[in-house]
Amino acid sequence: MPPSSDLSLRDAPESLPEDERAAIAARIVEIRQALPETVRLVGVTKTKSAAHVRAAYEAGLRDFGENRLQEALDKQAQLQDLQGVNWHFLGQLQSNKVRKAVQQFDWIHSIDSLKLAQRVDRIAAELKRSPQVCLQVKLRPDPNKAGWSAQELLSQLPQLARYNQLRISGVMVIPPFGIESAETLRIFGEASILADKIRNEAKRQVWSNMSMDQLSMGMSGDYQLAVQAGSTIVRLGRTIFGMRG
Ligand SMILES: *Cc1c(COP(=O)(O)O)cnc(C)c1O
């Protein structure tokens, strides 16, 4: 039979070789032991197969992050038998993909504008869903990244407070690539202070959709620094699953 992309997907191995599964499990155990118990570990499986998700699930992981919608949907379709998975959407969310994202994900970490927040809120109401969301902030200039500046975000809180279908759970930040660790740590610290500020304001104003008690920060290269600065959710890809192709 001639190979086609469809067939190669269907023929993809259901599970990884034993040694690869063992290696993934060992890394999860090792990372978990080093993390405070209160920190949620999200395994980022972008570019990796459904079999990678399955291997990590078997090792006890229940939170998985993806940054491209279609790729995530394809994997989810192969993993419907897994119970109790929390799916986290991490990537830039185009407005025409909001409906699918709200249907298929429990968390959206990448809410980066009022317009997107409003749209997610409206569609979530239609679908009777209430996703947990993080507000993505950009605390240094970075042409490669989306996100609110601290100023912008603080000034737009009253509008965000009206989106009652959202559970606005925290901030998400990705420091610019290639900066020194002292600067990375400063950025994580600033994100933490910003989240505190928003949480206090939300309390004062009794904005019930804004708990703001989560800090989604830390990737393979910087998660120890993020934890030092109070991260509650680390998003790890390469350090669990190995380099991406
Ligand atoms: C890819 C990605 C990660 C994981 O990155 P690693 O360096 O592989 O740990 C985390 N967060 C977001 C938003 C990503 O796109």
Side-chain angles (χ1 to χ4, degrees), residues 20 23-32 34-35 39-50 52-53 55-56 59 61-76 85-94 97-98 101 104-113 116 120 131-140 142-148 169-181 184-185 187-188 191-192 195 214-245:
E20 235 183 293
I24 288 171
R27 286 193 289 263
I28 289 171
V29 168
E30 196 181 329
I31 293 162
R32 269 267 161 72
L35 286 176
V39 174
R40 188 191 288 250
L41 173 58
V42 175
V44 180
T45 45
K46 62 186 184 198
T47 79
K48 299 293 177 181
S49 68
H52 287 84
V53 177
L61 200 62
R62 291 294 179 272
D63 289 273
F64 293 94
E66 289 280 339
N67 73 340
R68 284 168 189 270
L69 191 72
Q70 191 53 54
E71 182 189 335
L73 299 179
D74 292 345
K75 270 174 240 180
Q76 288 176 343
V85 172
N86 302 305
W87 289 101
H88 298 252
F89 191 79
L90 309 175
Q92 261 206 42
L93 187 52
Q94 291 162 285
K97 300 198 170 151
V98 167
Q104 295 295 125
F105 286 83
D106 307 287
W107 284 76
I108 300 174
H109 291 240
S110 43
I111 301 291
D112 58 11
S113 72
L116 180 60
V120 172
Q132 292 197 254
V133 304
C134 293
L135 307 174
Q136 183 173 353
V137 297
K138 183 164 72 169
L139 302 176
R140 296 292 184 278
D142 186 345
N144 301 315
K145 289 276 146 26
W148 267 287
S169 302
V171 300
M172 192 271 258
V173 66
I174 305 172
F177 181 73
I179 61 174
E180 287 183 16
S181 18
T184 301
L185 189 56
I187 292 172
F188 288 149
S192 170
Q214 302 292 319
L215 290 169
S216 171
M217 53 191 205
M219 305 172 33
S220 293
D222 59 17
Y223 74 96
Q224 282 104 341
L225 296 170
V227 168
Q228 222 178 297
S231 171
T232 66
I233 306 176
V234 294
R235 311 175 311 267
L236 305 186
R238 289 167 300 156
T239 194
I240 298 175
F241 300 103
M243 296 300 283
R244 288 182 286 274

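Because only heavy atoms are used, hydrogens play no part in the values below, and waters and symmetry mates are left out as well, while side chains stay in. Numbering of ligands and ligand atoms starts at 1, following listing order.
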Undergrad: If the plane angle is over 60° it's perpendicular, under 30° parallel, otherwise tilted; pick one for W87 and F64.
TA: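 The rings of W87 and F64 sit tilted, inter-plane angle from 30° to 60°.
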Undergrad: Between K46 and E71, does any NZ, NE, NH1 or NH2 come within less than 4.0 Å of an OD or OE carboxylate oxygen?
TA: no
Undergrad: Only one of D142, D222, I187 clears side-chain contact (heavy atoms from CB on, under 4.5 Å) with I179; which?
TA: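 For I179, the side-chain contact (heavy atoms from CB on, under 4.5 Å) check succeeds only for I187.
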Undergrad: May I ask you to check whether H109 and S216 show a side-chain donor-acceptor distance below 3.5 Å?
TA: yes
Undergrad: Are side-chain N/O atoms of T45 and E66 paired as donor and acceptor at under 3.5 Å?
TA: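 Judged by distance alone, the side chains do pair up.
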Undergrad: Among I233, V133, V42, find the residue that satisfies the side-chain contact (heavy atoms from CB on, under 4.5 Å) test when tested with W107.
TA: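 When side-chain contact (heavy atoms from CB on, under 4.5 Å) is applied between W107 and each of I233, V133, V42, only I233 qualifies.
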Undergrad: Distance under 4.0 Å, heavy atoms only, partner ligand 1: which residues pass?
TA: V44, K46, N67, L90, I174, M219, S220, R235, L236, G237, R238, R244
